[in-house]
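Before any comments, here is the structure.
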Amino acid sequence: VFSRADLHIHSTASDGKCTPRAIVAKAASIGLSIIALTDHDTIAGLEEAQAAGILHGIEVVPGIELSAQHEEVEVHVLGYFIQPHKKELTDKLEILKRARQKRALTILDRLQRLGLSIDWSQIKKHAAGEVIGRPHIARALVEAGGVPSVKAAFESYLNRGCPAYVPRYRLTPEEAITLIHKCKGAAVLAHPGQLPDLSCLGPLLEFNWQGIEIYHPDHSKEMRVALEGIADSQNLIVTGGSDFHGKDCGNRNLGACTTDITAVEMLRKGCQQR
Ligand SMILES: [Zn+2]
Ligand SMILES: [Zn+2]
């Protein structure tokens, strides 16, 4: 039997548009045998997804995607087979959530001072889950008529260097990896193709990763080949996933990129020994 695993999926628990339940149903209907829910900085969708997994007969790997920063570079850290209720993790996620909330309020304050008519309830409405981020603020700005598009909201107000930009509290990649290890999980470097360039990879590879995400919709064939060489030389498990955020998300359809089942088993085995 041809079986496939999509190990990179976002739900309404973070910035995705589909509920965990709907994602699992869809994954089962297209023949995926394993998925991992990897919401940004939250485990809030895992319980619902796992219950739905039992119902639909597919395995839901408990996962997370932690945002980290190495010097000026944003680095995403995927965690798989985590024990999500470990106190170290839930405490840290709570701190991140509060920092994010405070940041969103500061951005709102700046936008209001700039004369834009937007309030907290409008932003909240766009954040169905618990994690409030700039995309939600951008969508609220569009709705309020302040800007023509989400892209324009970022370019005029929200990006670094713009008048409503507020820096964010972030973990370092090492902190994120350690946190994942503390809850018995495997740490995988997400979409290295999104780094400014591959020379950033060198220092990052010094950390204790178990795997590297090579099959991602944003990666070109050349990128894949380059990363396969790196994974091979560094002895890293090769993973893949769609980075699905909901319907109408271009090439990031559920199952668009997948992980070999043997790689999933290697991740699992490593975690059991942790
Ligand atoms: Zn990411
Ligand atoms: Zn992602």
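Computed over heavy atoms, backbone and side chain alike; hydrogens, waters and symmetry mates excluded. In each ligand, atom 1 is the first atom listed, and ligand 1 is the first ligand listed.
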### Task
Would you check if the Zn ion (ligand 2) lies under 2.8 Å from any N, O or S atom of His10?
yes
### Query
Can a donor-acceptor pair be found between the side chains of His191 and Glu65 at a distance below 3.5 Å?
yes
### Summary
Tightest non-hydrogen contact, residues Cys162 and Phe154, listed as SG-O, 3.8 Å
## Note on the structure
Here the ring-ring contact (aromatic ring centres under 6.0 Å, His included) pairs for residues 81-118, sequence neighbours left out, are none
### Query
Under the ring-ring contact (aromatic ring centres under 6.0 Å, His included) rule, what pairs show up with a residue in residues 241-274, not counting sequence neighbours?
His10-His245, His40-His245
#### Entry: Residue list, side-chain hydrogen bond (donor to acceptor under 3.5 Å, both in side chains) with Glu59, at least two apart or on another chain
Arg268
### Message
Listing by chain and number, which protein N, O or S atoms are under 2.8 Å from the Zn ion (ligand 1)?
### Response
Glu65 OE2, His76 ND1, His191 NE2
### Task
Determine whether the side chains of Glu88 and His181 contain a donor N or O and an acceptor N or O closer than 3.5 Å.
no
